[in-house]
Protein chains: 2
Amino acid sequence: MKERMDQIKKELHAQSYKLTPQREATVEVLLENEEDHLSAEDVYLLVKEKAPEIGLATVYRTLELLNELEIVDKINFGDGVSRYDLRKEGADHSHHHLVCIHCGSVSEIEEDLLGDVEKKVERDWAFKIKDHRLTFHGVCVNCQTEHEASDEAPTLKAAHP
Amino acid sequence: MKERMDQIKKELHAQSYKLTPQREATVEVLLENEEDHLSAEDVYLLVKEKAPEIGLATVYRTLELLNELEIVDKINFGDGVSRYDLRKEGADHSHHHLVCIHCGSVSEIEEDLLGDVEKKVERDWAFKIKDHRLTFHGVCVNCQTEHEASDEAPTLKAAHP
DNA sequence: ATGATTGCAAACAGTTTGCAATGAA
DNA sequence: TTCATTGCAAACTGTTTGCAATCAT
């Protein structure tokens with residue numbers, strides 16, 4: 001985690017952006033909540049604990065900056081809120097998401113499942129792909145078992161295989 | 001197109017929703033602009049030509065209704081606007097989109113490219129998929145050729161193969 | 001020293017809602 | 001007739017912006 005932070009600092013410097021305490025605190029929050037999909041407001045509240053003077057506008061500006069630097073992906077699950085998802089170190093694409101339509105939980109698929117599909121799209125549609133957004137809407141394991149006999153039994157325990 | 005309209009009317013009736021002129025005009029607009037990805041405001045302006053008294057709120061309410069009935073998919077390309085995409089007759093999933101990061105154009109892939117991927121996700125993540133959102137961000141054919149020698153020559157003419 | 005960055009408040013944009021009036025069934 | 005639906009305006013929510021003060025370099 002420390003290394004990732006240093007690397008991000010380096011990237012900011014490389015583009016001659018200043019490393020302010022506010023930016024540092026924001027990145028810290030993102031690192032500490034890698035698993036989550038925080039909205040700007042969420043980030044704001046968490047950053048406030050470390051840097052109480054920070055303003056919401058600064059959080060927005062920082063998140064936008066991180067998005068431009070491709071450190072973070074701005075994603076959107078259809079509620080009217082943008083969420084910010086830290087990229088894995090070295091990842092060159094946004095990862096996939098599973099959104100449960102019962103409980104609202106969001107989990108991630110880090111494995112890239114689109115390799116073949118992208119090849120096909122680039123070939124058949126002559127479209128040069130730079131990034132993607134893939135989200136599945138459905139029912140997560142917990143909700144499947146809670147909500148009585150489903151018509152198709154779940155096979156695995158969840159978690160990334 | 002006429003048949004699709006009748007079918008939609010039937011679906012409204014089936015759920016005992018009333019078929020008002022405003023709803024009819026809205027559906028008409030969606031049918032006449034199937035290729036586009038209209039925002040609520042876009043739809044509003046177009047519907048106003050047929051039914052000048054209509055209010056924006058009614059358009060929003062109608063689009064939400066159509067979304068619930070799965071006649072339309074509410075999609076979001078990351079600008080802060082929801083867009084409404086008419087489903088193909090009988091389609092049980094949202095189709096895929098290609099968004100050009102140069103010119104902003106959006107085109108559609110109607111072929112379902114996710115069959116295998118979904119099988120894998122359902123199996124390995126024990127997630128019951130109900131729908132998906134897949135968008136590729138990249139450079140469309142036009143922009144590839146305009147913007148000088150790209151490092152990889154486009155092979156096809158675009159359009160759905 | 002100096003231009004980038006910040007906090008604040010005000011401005012915006014898209015969407016939702018309360019309510020009296022209207023209209024489809 | 002009767003309850004869903006509409007139009008309007010006002011309310012809301014998330015996000016952006018202008019500006020003087022501040023701070024990293």
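The model shown is predicted, which means the values in this text are computed figures rather than measured ones. A, B, ... follow the sequence lines: proteins, then strands. Residue 1 opens every chain. Note: hydrogens, waters and symmetry copies are ignored here, and every other heavy atom, side chains too, is used.
- At a threshold of 4.0 angstrom between heavy atoms, the contacts of A/L56 include nucleobase atoms, whether or not backbone atoms are also involved.
- Among the heavy atoms of the strands, none lies under 4.0 Å from B/S39.
- When distances run from any side-chain atom of A/K18 to the nucleotides D/dG7, C/dA24, C/dA4, the shortest one goes to C/dA4.
- B/E110 has no carboxylate O lying under 4.0 Å from a charged side-chain N of B/R87, or vice versa, which leaves the two without a salt bridge.
- In this structure, A/D79 atom CG and D/dC12 atom P are separated by 20 Å, rounded to whole Å.
- Nearest nucleotide to the B/T20 side chain, out of C/dT6, D/dT5, D/dG7: D/dT5.
- If you chain together hydrophobic residues whose side chains sit under 4.5 Å apart, A/I129 and B/I109 fall into the same group.
- Using a 3.5 Å distance cut-off with no hydrogens or angles, the side chains of A/H95 and A/D73 do not pair a donor with an acceptor.
- Side-chain proximity of B/R23 to D/dT6, D/dT15, C/dA25: nearest is D/dT6.
- Taking only side-chain nitrogens and oxygens, A/Y60 comes nearer than 4.0 Å to OP1 or OP2 of D/dT15.
- The pair B/E70-B/K130 does not count as a salt bridge, with every side-chain nitrogen at least 4.0 angstrom from each carboxylate oxygen.
- Checking D/dG14, C/dG14, C/dT17 against every side-chain atom of A/V81, the shortest atom distance belongs to D/dG14.
- Here D/dT25 is the nucleotide among C/dA9, D/dT25, D/dC19 with the atom lying nearest to any side-chain atom of A/H13.
- Looking at the side chain of A/R61, the nearest of the listed nucleotides C/dT5, C/dT17, C/dC8 is C/dC8.
- Between C/dC19, C/dT15, C/dG7, one nucleotide has an atom nearer to the side chain of B/S82 than all others, and that is C/dT15.
- Summarising the geometry, the separation between CD on A/E53 and C1' on D/dA21 is reported as 15 Å, rounded to the nearest angstrom.
- Distance CG (B/L63) to P (D/dT6): 12 Å, rounded to an integer number of Å.
- Using a 4.0 Å cut-off, some side-chain N or O of A/Q22 falls inside it from OP1 or OP2 of C/dG7.
- Going from atom CD1 of B/I54 over to atom P of D/dT5 covers 14 Å, rounded to whole Å.
- Atoms CZ (B/R83) and C1' (C/dG14) sit 12 Å apart, rounded to a whole Å.
- Summary of the strand contacts: B/P21 and B/K74 both lie near DNA chain C, and taking for each the nucleotide with the nearest heavy atom, the more 5' one is attributed to B/K74.
- A residue-by-residue look at B/G80 and A/G55 shows that A/G55 has its nearest nucleotide of DNA chain C further toward the 5' end.
- One atom, CD of A/E41, and another, C1' of D/dG14, lie 9 Å apart when rounded to the nearest Å.
- For an aromatic pair to be called close, the ring centres must be under 6.0 Å apart, and A/H97 with A/F77 satisfies this.
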